[in-house]
Amino acid sequence: MTTPMLDGTLLAAVDLGSNSFRLEVGRYASGHIERVQYFKEMVRQGAGLDEAGNLSVESMQRGWDCLARFAERLKGFPPAQVRAVATQTLREAKNRDIFIQQANQILGYPISVISGPEEARLIYQGAAHSLPPSDERRLVVDIGGRSTELILGQRFLTERVASYPVGSVAWSLRYFPNGEFTKASLRTAHIAAQAVMEEAALHFAPNSWDMAYGTSGTANAIADVLAAHGGEPDVVRREQLYWLCEQLLAAGNAANIRLEGLKEERRAVIGGGVTALCAIFDLLQIDELRIASGALRQGLLRDMVQHEEYSDIRNRTISTLMERYQVDGAQAARVQRTAAILFEQARRYTGVTDPVKLKSPMLDWASQLHEMGCLISHNDYHHHGAYVLSHSDVPGFTQTELSHLAALVLAQRGKLRKVEGFLQNPEFALELLCLRLATVLCHARRNPELEQLNLRDKPEKWSLKALAGWSEQFPQSAYLLGEEVLAWQKTPYVFQFKQAGSILAK
């Protein structure tokens, strides 16, 4: 059960998109989020990816400069009230770690690269909360700079999500590199988008939804142009979309476009956005697309709001993974409880009293999933479990969090050098120690006698103390703990196993 958010709490969402970087500040009030401030900068980072998949120095610098301005506005915000995410461009960029490391320092808050399906889930949350309550089945279409997300849902629950590498920036660069529009280039861009998203015709068929909604920059930009030329505000219709294609063809080049309602910043990418949306209209037989004001940023803000009646979506995801991979629930609960108790003991020893800091959700989740790979292999289950987590797109988790979970599952047994980079983080190291100790103490698949054990935490040095006679009572566990002492000797950390009156291993 989580503590309800207090009215007046300020929340901030940072969206590092392929075309624009955005910052939205909202105030929570009686279950709703009211916009306080909104900032947007056309960074065009997606245009800075070279053929090798690396971001140019210039595009990274544009991003860093923008984040420095965002950081000034966010100064003083508690970390729990800021969420920053990056999408398709940084999913693709091979040198993204260079950008992210510097960006984290500049912004002052961690930036998570989220998967396409996770982006889609958040987009739907933002869209659904901006629409009137309804039982209608909704299709939400979000065309970004380098990816397109499609989501089916009802009320606030998503039923199906998909992400495709089609976007206004990517398609404009690929099919209209000099801004030129010809019948051949428009047709090629249209066909290519349909080819990439072809499976959407099966998964998002017209009989699976009642109303289609568009969100974010491309859909909004097209709707604005159509409204300025006599169309209904916030609506895009099929015949109007084809009319817009004809206007692009008549202009011949993006530089020559003279359309009322088209912002200058959208001129260079309008061709890619229009052809992508045309492809979706044709594939899914959409006749009318209505605009929803909420999207990724609003979804991020909603995700930070914790109500007593709602559990963390990540907990539901973990339960789904446990069921899918036939995890032994009793053993998972046993290891989770043991690891949590050891973690709390270690934290209390350092003087921590904050209930939040005495727990580690990542450790809880890793404990629940530590045997998920057993469905594939009983000998190398830790490798298989880690692989599945590393390559999964699951609701609620960022790629950074999944990498963290995968590293814990991978290193729950065996040598520690395979997660050497993660061990530089003392928080991760303590989580891993507690998980490894929990699997040792629960090796017989029985509840261990934790009343006789206590884990103490000192800087880069841990000691597990047992009451006198514990080792004689549990000789196999004592032997495994001795092996654990040896395993940590090849790391920057020291782990000791002590019994009252003696040190059994050091």
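Because the structure is predicted, anything quoted here is derived from the model rather than measured. The analysis underlying the following values was restricted to heavy atoms, covering all of them including side chains, and did not include hydrogens, waters or symmetry mates.
Minimum heavy-atom separation, W209 to R138: CB-C, 4.2 Å. For the pair A276 and V166, the tightest heavy-atom approach, listed with the atom from each and the gap, is CB-CG1, 3.8 Å. The heavy-atom pair separating F77 from V25 by the smallest distance is CZ-CG1, 3.9 Å. Residues V169 and V269 share a closest heavy-atom pair of CG2-CG1, 3.9 Å. Between A407 and V419, the closest heavy-atom pair is O-CG1, 3.7 Å. Between F70 and F21, the shortest heavy-atom contact is CZ-O, 3.7 Å.
The distance from the CG atom of L16 to the CD1 atom of I111 is 5.0 Å, given to the nearest 0.5 Å. The distance from atom CD of E92 to atom OG1 of T87, rounded to the nearest 0.5 Å, is 10.0 Å. Note that CD1 of I191 and OG1 of T275 are 11.5 Å apart. Values are rounded to the nearest 0.5 Å. Distance check, rounded to the nearest 0.5 Å: CE of M211 to CG of L289 gives 10.0 Å. For the atom pair OH of Y124 and CG of L296, the computed distance is 16.0 Å after rounding to the nearest 0.5 Å. In this structure, OH in Y109 is found 9.0 Å from CD in Q81, a value given to the nearest 0.5 Å.
Using a 4.5 Å heavy-atom cutoff, the side chains of L74 and L23 are in contact. Annotation: side chain of L369 is in contact with side chain of M322 (closest heavy-atom distance under 4.5 Å). At a threshold of 4.5 Å between non-hydrogen side-chain atoms, the residues H229 and L259 count as touching. Residues L410 and H383 form a side-chain contact, since some pair of their non-hydrogen atoms from C-beta on lies under 4.5 Å apart. A 4.5 Å side-chain heavy-atom check between R91 and E119 finds at least one atom pair inside the cut-off. Contact check for Q240 versus E232: no side-chain heavy atoms found under the 4.5 Å cut-off. Annotation: side chain of E159 is not in contact with side chain of S208 (no heavy-atom distance under 4.5 Å). Side-chain contact between N256 and F181: absent, with no pair of heavy atoms (C-beta onward) separated by less than 4.5 Å.
For CD of E323, the number of neighbouring non-hydrogen atoms (other residues, nucleotides, ligands) closer than 6.0 Å is 12 at most. When the shell of 6.0 Å around NZ of K94 is examined, it contains 12 or fewer heavy atoms from other residues, nucleotides or ligands. Counting non-hydrogen atoms of neighbouring residues, nucleotides and ligands closer than 6.0 angstrom, the CZ atom of R417 reaches no more than 12 such neighbours. Other residues, nucleotides and ligands place more than 12 heavy atoms under 6.0 Å from the CZ atom of R69. Other residues, nucleotides and ligands contribute at most 12 non-hydrogen atoms within 6.0 Å of the CD atom of E420. Around CD of E198, the count of heavy atoms belonging to other residues, nucleotides or ligands within 6.0 Å does not exceed 12. For CD of E288, the number of neighbouring non-hydrogen atoms (other residues, nucleotides, ligands) closer than 6.0 Å is greater than 12.
Listed for the R238 side chain is a donor-acceptor partner under 3.5 Å among the backbone atoms of F281. Of the possible polar contacts, one joining the Q125 side chain to the F156 backbone as a donor-acceptor pair under 3.5 Å is found. Checking side-chain atoms of H129 against main-chain N and O of G299 turns up no donor-acceptor pair under 3.5 Å. When atom types are taken as modelled, the side chain of D224 and the backbone of G261 share no donor-acceptor pair closer than 3.5 angstrom. Between the side chain of H32 and the main chain of A29, no donor-acceptor pair closer than 3.5 Å is present. Between the T218 side chain and the I143 main chain, a donor and an acceptor come within less than 3.5 Å of each other. Side-chain N or O atoms of S20 include none that pairs as donor or acceptor with a backbone N or O of K40 at under 3.5 Å. Although no hydrogens or angles enter the test, the distance criterion places no donor-acceptor pair under 3.5 Å between the side chain of D234 and the main chain of R290. Judged purely by atom type and a 3.5 angstrom limit, Q412 uses its side chain to pair as donor or acceptor with the backbone of V409. Under a 3.5 Å cut-off, the side chain of R137 and the backbone N or O of N207 do form a donor-acceptor pair.
Using the six-membered ring where Trp is involved, F428 and H404 have ring planes that are perpendicular, over 60° apart on the 30 and 60° scheme.
Using a 4.0 Å cut-off between charged side-chain N and carboxylate O, R314 and E401 make a salt bridge. With salt bridges taken as basic N to acidic carboxylate O contacts below 4.0 Å, none links R62 and E41. A salt bridge links R267 with E264; the closest basic N to acidic carboxylate O contact falls under 4.0 Å. A salt bridge links D135 to R155: one of the charged nitrogens lies within less than 4.0 Å of a carboxylate oxygen.
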ask   = Are N315 and W365 close enough, and set up right, to give a side-chain contact (heavy atoms from CB on, under 4.5 Å), and what steps lead you there?
value = CA-CA 8 Å; N315 291 327; W365 294 322; 2.8 Å; yes
request  = With side-chain contact (heavy atoms from CB on, under 4.5 Å) as the test, would you mind laying out the steps for E118 and F397 before giving the verdict?
outcome  = CA-CA 7 Å; E118 174 63 2; F397 285 95; over 6 Å; no
ask   = For S56 and D50, what are the C-alpha separation, side-chain angles and deciding distance, and is it a side-chain contact (heavy atoms from CB on, under 4.5 Å)?
value = CA-CA 7 Å; S56 67; D50 62 23; over 6 Å; no
ask   = What do the steps show when you test I257 against Q247 for side-chain contact (heavy atoms from CB on, under 4.5 Å), and what is the final call?
value = CA-CA 8 Å; I257 297 175; Q247 302 310 302; over 6 Å; no
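Between W171 and F176, the gap from one ring centroid to the other reaches at least 6.0 Å.
Side-chain N/O atoms of T182 and E180 include no donor and acceptor closer than 3.5 Å. No hydrogens or angles considered: a donor-acceptor pair under 3.5 Å links the side chains of D65 and Q61. Side-chain atoms of S59 and Q45 form no donor-acceptor pair, as typed in the model, at a separation below 3.5 Å.
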